Amino acid sequence: MLDVRLFDIDRASDTDWDELHELQFSAYQADSPERPAFTRQETISTLRAPQVQAGEQLVWTAHRDGRLVARAIVNLPGDGNERVAAVRIHVHPRVRRQGIGTELLHALEPKLRERGRTLVEGWNLTLGGPGESWALGLGFRIVHTAILQIMRLDEVDRRRWDAPVPGGYRLVRWIGAAPDDLVEEYAKARGAIADAPLGESGLAEPQWSADRVRRIEAACRERDIEHRAVVAVGPGGAVAGLTVMEARPLMPERLQQGDTAVLAGHRGHGLGLAMKSEMLRWFTADRPGAEQVWTATGAGNTHMIEVNHRLGFATVRTGSVVNREL
Ligand SMILES: CC(C)(COP(=O)(O)OP(=O)(O)OC[C@H]1O[C@@H](n2cnc3c(N)ncnc32)[C@H](O)[C@@H]1OP(=O)(O)O)[C@@H](O)C(=O)NCCC(=O)NCCS
């Protein structure tokens, strides 16, 4: 029998963090060796300051004979995605193929149903790896493929970020909070990310509103996540596109690229490249300790992938997305 408990982030002792970190480090080493090794700071940062857009985050640990053998991170997104639970289960490589992953998933199912979730979705499974075999055996379907790209700031030629701003547009940028006179327009423009391919993922692009923008900004402040935006303002004063990037607490070495979107009527002029270039110049100038920029996108999103390659990102990993009705 597994002992499955909620991990109490506020009360966790050094030993709890050590144990959790050792599990994550070992699992990622086994499953994603191409990715930079998991650090203890990353373990703490991603739990204490979870990605705001993914919604409420809960962490369960599974113990056998007093030892930690698996953990599940569950995100419960809102704003139109109340049906979905995004689940990340990792079993310690030492104890795989003993039924632990399956038992942990089954232990979570009633808890997710209690919260009104009817679809379980898993991201970033190694192609052809144990996660896929496990999930397919449990009735999941492969619904999408996503890639992870990383830019190494010590290696990149920063002249790649010299992209000019196309005529008729100007860039506006901010840290933490959109200016009041742009927030409505900005929220509307954020909805353009809905055109990014998500395959048959159960996650729909959330319904954007000025209220959602303000809630996300406030949650970032609470979690000490530095959130920056660069937007392109078009001829009539309307927001034509945007890009966002974040720096998380405890992880000064990494910048995380968030959404980038250009509204349909403004595509093909180089706005994506210009906004992302501006963001990279600005954020890295203020953060000399940053070593890498990370970004994730759909494997079929060829335009975004191409823009990222031009900026100096390299594709590091491809992972699948699976889901199943509860
Ligand atoms: C996927 C994972 C959670 C499975 O955990 P586990 O405790 O080893 O899995 P179980 O023992 O419950 O496996 C149940 C069945 O899944 C299938 N399966 C699991 N691992 C497999 C593998 N490496 N190759 C082929 N089939 C596999 C088998 O059918 C297995 O039954 P069997 O051992 O009787 O043949 C674990 O490998 C892991 O942590 N992987 C990395 C993260 C990940 O991909 N998570 C899943 C997405 S959230």
Side-chain angles (χ1 to χ4, degrees), residues 1-7 19-38 42-43 46-47 50-51 54-65 67-77 81 83-113 115 117-148 198-203 296 299 316-326:
M1 250 307 257
L2 274 187
D3 168 18
V4 176
R5 322 173 188 147
L6 260 183
F7 184 80
E19 208 182 13
L20 184 62
H21 171 58
E22 199 278 323
L23 181 143
Q24 299 203 139
F25 175 85
S26 304
Y28 276 84
Q29 193 89 321
D31 302 308
S32 312
E34 62 282 70
R35 166 198 197 280
F38 229 89
E42 184 174 2
T43 290
T46 48
L47 263 57
Q51 205 203 349
E56 184 189 359
Q57 179 167 290
L58 298 164
V59 182
W60 277 278
T61 51
H63 307 256
R64 201 177 59 184
D65 304 326
R67 291 185 76 182
L68 178 70
V69 289
R71 72 98 185 83
I73 300 180
V74 175
N75 288 97
L76 304 172
N81 281 306
R83 188 170 102 77
V84 183
V87 176
R88 279 173 279 170
I89 291 183
H90 282 89
V91 174
H92 198 294
R94 202 179 342 101
V95 288
R96 289 190 180 170
R97 302 300 286 269
Q98 299 177 20
I100 292 172
T102 306
E103 194 178 335
L104 175 54
L105 179 70
H106 290 330
L108 296 182
E109 282 166 351
K111 303 179 197 295
L112 303 180
R113 262 190 232 107
R115 287 169 166 268
R117 306 288 152 159
T118 57
L119 188 87
V120 190
E121 188 157 294
W123 278 68
N124 200 17
L125 280 63
T126 304
L127 298 184
E132 278 193 356
S133 307
W134 174 78
L136 292 172
L138 286 167
F140 285 80
R141 288 187 316 133
I142 297 178
V143 291
H144 184 46
T145 311
I147 64 166
L148 167 68
L198 270 175
E200 292 177 75
S201 160
L203 286 169
V316 171
R317 180 180 163 80
T318 306
S320 47
V321 180
V322 298
N323 69 27
R324 194 193 79 189
E325 296 292 329
L326 252 180

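Model, not experiment: these values are computed from the prediction. Every number for a ligand or one of its atoms is a count from 1 in the order of the listing.
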Which atom pair, heavy atoms only, marks the closest approach of [X] to [Y]?
X      : Y      : value
Pro77  : Val84  : CD-O, 3.3 Å
Leu125 : Arg317 : C-NH2, 3.7 Å
Pro93  : Ala30  : CG-CB, 4.0 Å
Arg64  : Val95  : NH2-CG1, 3.8 Å

Close-contact set for ligand 1 against [X] heavy atoms, below 4.0 Å:
X      : answer
Val91  : 3 (C), 5 (O), 7 (O), 38 (C), 39 (O)
Gln98  : 11 (O)
Ile100 : 7 (O), 12 (O)
Gly131 : 1 (C), 44 (O)
Thr102 : 10 (P), 12 (O), 13 (O), 14 (C)

Examine the proximity of ligand 1 to [X] and report which part, side chain or backbone, both or neither, has a heavy atom under 4.0 Å away.
X      : answer
Leu125 : side chain
Glu132 : neither
Asp31  : side chain

Starting from [atom], which protein heavy atom do you reach first, and at what distance in Å?
atom                    : value
atom 11 (O) of ligand 1 : Gly99 N, 2.7 Å
atom 25 (C) of ligand 1 : Ser133 CB, 3.4 Å
atom 15 (C) of ligand 1 : Trp134 CD1, 4.1 Å
atom 7 (O) of ligand 1  : Gly101 N, 2.7 Å
atom 23 (N) of ligand 1 : Pro130 CB, 3.2 Å
atom 43 (C) of ligand 1 : Ile89 O, 3.6 Å

Is [X] in polar range of ligand 1, meaning some N or O pair under 3.5 Å apart?
X      : answer
Val87  : no
Val95  : no
Arg97  : yes
Arg96  : yes
Gly122 : no

Over 12 foreign heavy atoms within 6.0 Å of CZ, Arg67: no
Lys/Arg-Asp/Glu bridge criterion (N-O < 4.0 Å) met for Arg141, Glu325: no
Does the side chain of [X] reach to within under 4.5 Å of the side chain of [Y], using non-hydrogen atoms?
X      : Y      : answer
Leu23  : Thr61  : no
His92  : Leu68  : no
His144 : Glu121 : no

Option passing side-chain contact (heavy atoms from CB on, under 4.5 Å) with Gln24 (candidates His90, Glu19, Arg71): Arg71
Within 45° cone and under 6.0 Å: Arg35 NZ/CZ vs Tyr28 ring: yes
Atom 29 (O) of ligand 1: any protein heavy atom closer than 4.0 Å: no
Protein heavy atom under 4.0 Å of atom 32 (P) of ligand 1: yes
Under 3.5 Å side-chain donor-acceptor pair for His106 and Glu103: no
Asn75 and Trp123: CA distance, side-chain angles, deciding distance, side chain to side chain contact (heavy atoms under 4.5 Å, CB included) verdict: CA-CA 11 Å; Asn75 288 97; Trp123 278 68; over 6 Å; no
